[in-house]
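Accompanying notes for the structure given below.
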Amino acid sequence: MVRRLLELVNSFNGRRGIVNMMQMKAKVRSGHMEAMRATVTELPYGNDGKYCMLLLFPDPEVSIEDVYSNFNRVTLRDIFAKLQSDEDEFGLKEVEVKLPRFSKISKLQLRIPLNRMGIFEAFDREYARFSHIVEDPYYIESVEHNVVVRVAEMGTIAYATTPGMNRAYSNIIENKVMPPFTFFIIEKPTATVIFGGIF
């Protein structure tokens with residue numbers, strides 16, 4: 001059962017504030033990973049082992065940026081292997097999991113990344129050619145990709161839109177103060193990140 005409590009936290013950017021925290025005791029895979037300088041916890045979605053949320057909380061005096069930079073040498077498969085090794089050696093232990101309720105919204109402009117992939121003419125008024133689609137001389141001014149992730153007691157909502165014209169997220173407000181952590185929603189068999197974020 002998930003309980004809700006209020007907790008005073010310090011965010012990585014120095015802000016302090018009261019945060020709505022979710023708390024439960026559960027048998028999940030969790031442990032310290034020295035290579036990441038963080039505590040890693042895996043929260044499964046469903047019972048088939050296909051999807052999970054992976055949480056990384058930095059060690060004391062370690063910044064979330066330092067934890068994230070460790071992905072230069074540690075892969076998600078390394079993390080899952082460590083969690084599996086700990087489970088094989090010690091079994092699943094009941095741990096107290098505390099996680100803030102949070103919402104994360106990202107709006108990414110894709111014109112520059114697409115330019116880096118060699119797509120230029122579509123964005124140029126003079127050279128764009130869409131005559132097989134429309135008769136008028138159209139070109140693409142911008143491409144926006146929007147991502148929304150919301151985690152609360154009732155579950156996780158996550159979606160992305162491109163172009164970013166969906167206004168369904170307009171009533172979602174991002175948290176102003178959060179304890180430092182990073183999260184990934186992962187398809188485990190392929191270790192593919194579907195959504196992720198950093199606070």
Side-chain angles (χ1 to χ4, degrees), residues 1-4 7 9 11-12 19-106 108 113 145-162 174-175 178-199:
M1 179 176 137
V2 179
R3 294 186 297 132
R4 185 169 59 182
E7 190 169 295
V9 300
S11 64
F12 76 92
V19 173
N20 278 307
M21 300 290 284
M22 300 176 290
Q23 180 182 33
M24 70 174 188
K25 287 187 176 179
K27 289 190 173 183
V28 295
R29 301 201 312 179
S30 182
H32 184 263
M33 189 163 185
E34 186 60 39
M36 292 301 294
R37 301 175 69 196
T39 297
V40 182
T41 301
E42 177 188 336
L43 301 179
Y45 287 110
N47 298 317
D48 61 3
K50 189 171 182 183
Y51 298 99
C52 74
M53 178 180 287
L54 198 64
L55 302 165
L56 285 87
F57 293 93
D59 290 346
E61 311 303 322
V62 175
S63 72
I64 193 64
E65 292 89 349
D66 288 341
V67 170
Y68 206 78
S69 69
N70 289 327
F71 280 110
N72 288 331
R73 55 191 176 78
V74 180
T75 68
L76 290 171
R77 289 191 188 280
D78 295 333
I79 293 173
F80 285 126
K82 172 71 164 70
L83 290 172
Q84 185 63 53
S85 172
D86 286 354
E87 181 183 353
D88 292 343
E89 186 173 352
F90 306 110
L92 287 178
K93 295 181 181 177
E94 188 173 68
V95 297
E96 185 176 58
V97 180
K98 286 202 307 187
L99 179 67
R101 261 199 284 165
F102 67 87
S103 298
K104 189 75 172 170
I105 303 169
S106 293
L108 308 172
H145 181 67
N146 290 340
V147 178
V148 175
V149 178
R150 188 175 196 178
V151 176
E153 292 86 349
M154 67 287 261
T156 301
I157 299 170
Y159 62 91
T161 60
T162 307
E174 283 193 324
N175 309 52
M178 290 288 286
F181 73 98
T182 185
F183 73 94
F184 301 98
I185 297 173
I186 298 173
E187 198 250 357
K188 284 184 63 177
T190 60
T192 299
V193 175
I194 303 171
F195 292 95
I198 185 170
F199 285 98

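We number each residue from 1, following the sequence as shown. Values below: all heavy atoms of this structure, side chains included; hydrogens, waters and symmetry mates excluded. Predicted, not measured: the structure shown is a model, and the values here were computed from it.
In terms of the side chain to side chain contact (heavy atoms under 4.5 Å, CB included) criterion, residue partners of P189 (sequence neighbours excluded) are, by chain and number, K50, E187. Every residue two or more places apart in sequence or in another chain that forms a side chain to side chain contact (heavy atoms under 4.5 Å, CB included) with E94 is listed here: K25, K27.
Evaluation of the ring pair (Phe, Tyr, Trp, His ring centres under 6.0 Å) test over residues 53-95, restricted to residues two or more places apart or in two chains, returns F57-F181, Y68-F71, F71-F184.
Between T41 and V95, the closest side-chain pair of non-hydrogen atoms is not below 4.5 Å. You'll find the side chain of T39 reaches within 4.5 Å of the side chain of S30, heavy atoms only. Looking only at side-chain heavy atoms (C-beta outward), V151 and M53 come within less than 4.5 Å of each other. A 4.5 Å side-chain heavy-atom check between E42 and V28 finds every atom pair outside the cut-off. Contact of the I194 side chain with the Y51 side chain is registered, since non-hydrogen atoms from C-beta on lie closer than 4.5 Å. Inter-residue side-chain proximity for V148 and I157 is flagged as unmet; no heavy-atom pair is nearer than 4.5 Å.
Here CG of L76 is found 9.0 Å from OG1 of T192. Values are rounded to the nearest 0.5 Å. Atom CZ of residue F183 and atom NZ of residue K104 lie 7.5 Å apart, to the nearest 0.5 angstrom. Note that CE of M36 and CD1 of I79 are 4.5 Å apart. Values are rounded to the nearest 0.5 Å. Note: L99 CG to Q23 CD = 11.5 Å, rounded to the nearest 0.5 Å. Separating the NZ atom in K188 from the CG atom in D48 is a distance of 10.0 Å, to the nearest 0.5 Å. Separating the CG atom in N70 from the CG atom in N72 is a distance of 8.0 Å, to the nearest 0.5 Å.
Between K82 and D86 there is a salt bridge, since at least one side-chain N of the basic residue sits less than 4.0 Å from a carboxylate O of the acidic one.
Side-chain contact annotation: S85 with D88, donor-acceptor N/O pair under 3.5 Å absent.
Contact detail for I185 and A158: the closest heavy-atom pair is CD1-CB, 4.4 Å. When all heavy atoms of V74 and A35 are compared, the closest pair comes out as CG2-CB, 3.8 Å. Contact record, R37 with V62: NH2-CG2, 3.3 Å, taken as the closest heavy-atom pair.
The backbone N or O of T190 lies less than 3.5 Å from a partner atom in the side chain of R77, making a donor-acceptor pair. Using a distance-only test at 3.5 Å, with no hydrogens or angles considered, a donor-acceptor pair links the side chain of T182 to the main chain of G197.
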Check against side chain to side chain contact (heavy atoms under 4.5 Å, CB included), N146 and I105: CA-CA 7 Å; N146 290 340; I105 303 169; over 6 Å; no
